[in-house]
Amino acid sequence: QVQLVESGGGLVQAGGSLRLSCAASGSIYSINTMGWYRQAPGKQREWVAHMTDDGSTNYAYPVKGRFTISGDSGGNTVYLQMNNLKPEDTAVYYCFADLEDRPGVPSTRYWGQGTQVAVSS
């Protein structure tokens, strides 16, 4: 059993900052990638950013230069520092992890429960 627990969402004014955290726990052998998606009301879930196990990071164009993804030394926690937030960043943010829960099995994607981010103008 694998769990992803997110925290750090909230309400902030435009131009403000928030930091999201996501901790993976449970039966984990190896984490390949951790990252974030978001889903705004009435829209499809969209990819935001991710970090691979070698430390490489990638960002969606709308957040590049404003958001920073990072991880802890243990490799089971990922953070999303969100600066200069805009009203269009309002969404539920979902953490994901592509991981193997034991040796020799394909990687499986797990999701967190989501955390709400609301940015007022």
Checklist entry - Under 4.5 Å between any side-chain heavy atoms of Leu99 and Tyr29, yes or no? => result no

Checklist entry - Shortest non-hydrogen contact from Ile31 to Ile28? => result CG1-CG2, 3.7 Å

Checklist entry - Is Val12 reachable from Trp36 through a run of hydrophobic residues whose side-chain heavy atoms are each under 4.5 Å from the next? => result yes

Checklist outcome for this item: In this structure, OH of Tyr37 is separated from CZ of Arg109 (nearest 0.5 Å) by 4.5 Å

Next on the checklist: Looking only at the side chains, is there a donor atom on one of Ser107 and Asp98 sitting less than 3.5 Å from an acceptor on the other?
Outcome noted: no

Checklist entry - Considering all heavy atoms of both residues, which atom of Ser21 and which atom of Tyr79 are nearest to each other, and what is their separation? => result OG-CD2, 3.3 Å

Next on the checklist: Donor-acceptor check, side chain of Arg66 to backbone of Asn84, threshold 3.5 angstrom: yes or no?
Outcome noted: yes

Checklist entry - Any idea which heavy atoms bring Glu100 and Asn32 closest together, and the distance? => result OE2-ND2, 3.4 Å

Item to check | Euclidean distance, Thr57 OG1 relative to His50 NE2, rounded to 0.5 Å | outcome: 8.0 Å

Checklist outcome for this item: Hits for side-chain hydrogen bond (donor to acceptor under 3.5 Å, both in side chains) against Gln81, two or more places apart or cross-chain, chain-then-number order -> Asn83

Item to check | Side chain to side chain, Met82 and Val117, heavy atoms closer than 4.5 Å | outcome: yes

Checklist entry - If you take all heavy atoms of Tyr59 and Lys64, which pair is closest and at what distance? => result O-CE, 3.7 Å

Checklist entry - Are there more than 12 heavy atoms of other residues, nucleotides or ligands under 6.0 Å from atom CZ of Arg102? => result no

Checklist outcome for this item: Of all heavy-atom pairs linking Thr77 and Met34, the shortest is N-SD, 4.3 Å

Checklist outcome for this item: Here the gap from Cys95 atom SG to Leu80 atom CG, rounded to the nearest 0.5 Å, amounts to 9.5 Å

Checklist entry - Is Leu4 linked to Val92 within one hydrophobic cluster, defined over Ile, Leu, Val, Met, Phe, Trp and Tyr using a side-chain heavy-atom separation of less than 4.5 Å? => result no

Checklist outcome for this item: Taken to the nearest 0.5 Å, the spacing of Leu85 CG from Ser17 OG works out to 6.0 Å

Checklist entry - Can you tell me how far CG of Asn58 sits from CD1 of Ile69, rounded to the nearest 0.5 angstrom? => result 9.5 Å

Item to check | Heavy-atom check, side chain of Tyr94 versus side chain of Gln113, under 4.5 Å | outcome: no

Item to check | Phe96 and Trp111 aromatic ring geometry - parallel, tilted or perpendicular at 30°/60° bounds | outcome: tilted

Checklist entry - Do the side chains of Gln3 and Ser25 get nearer than 4.5 Å, heavy atoms only? => result yes

Checklist entry - Gly9 and Leu20: which non-hydrogen atoms are nearest, and at how many Å? => result N-CD2, 3.6 Å

Item to check | Hydrophobic cluster partners of Tyr61 (side-chain heavy atoms under 4.5 Å) | outcome: none

Checklist entry - Taking everything shown except Gln116 itself, do over 12 heavy atoms lie less than 6.0 Å from its CD? => result yes

Item to check | Residues Asp101, Tyr110; criterion side-chain contact (heavy atoms from CB on, under 4.5 Å); working and verdict | outcome: CA-CA 11 Å; Asp101 59 8; Tyr110 291 85; 3.9 Å; yes

Item to check | Approximate separation, where rounding is to 0.5 Å, of Thr115 OG1 and Leu18 CG | outcome: 9.0 Å

Next on the checklist: I'd like to check the side chain to side chain contact (heavy atoms under 4.5 Å, CB included) partners of Ala91; sequence neighbours left out, ordered by chain and number.
Outcome noted: Arg38, Ala40, Tyr93

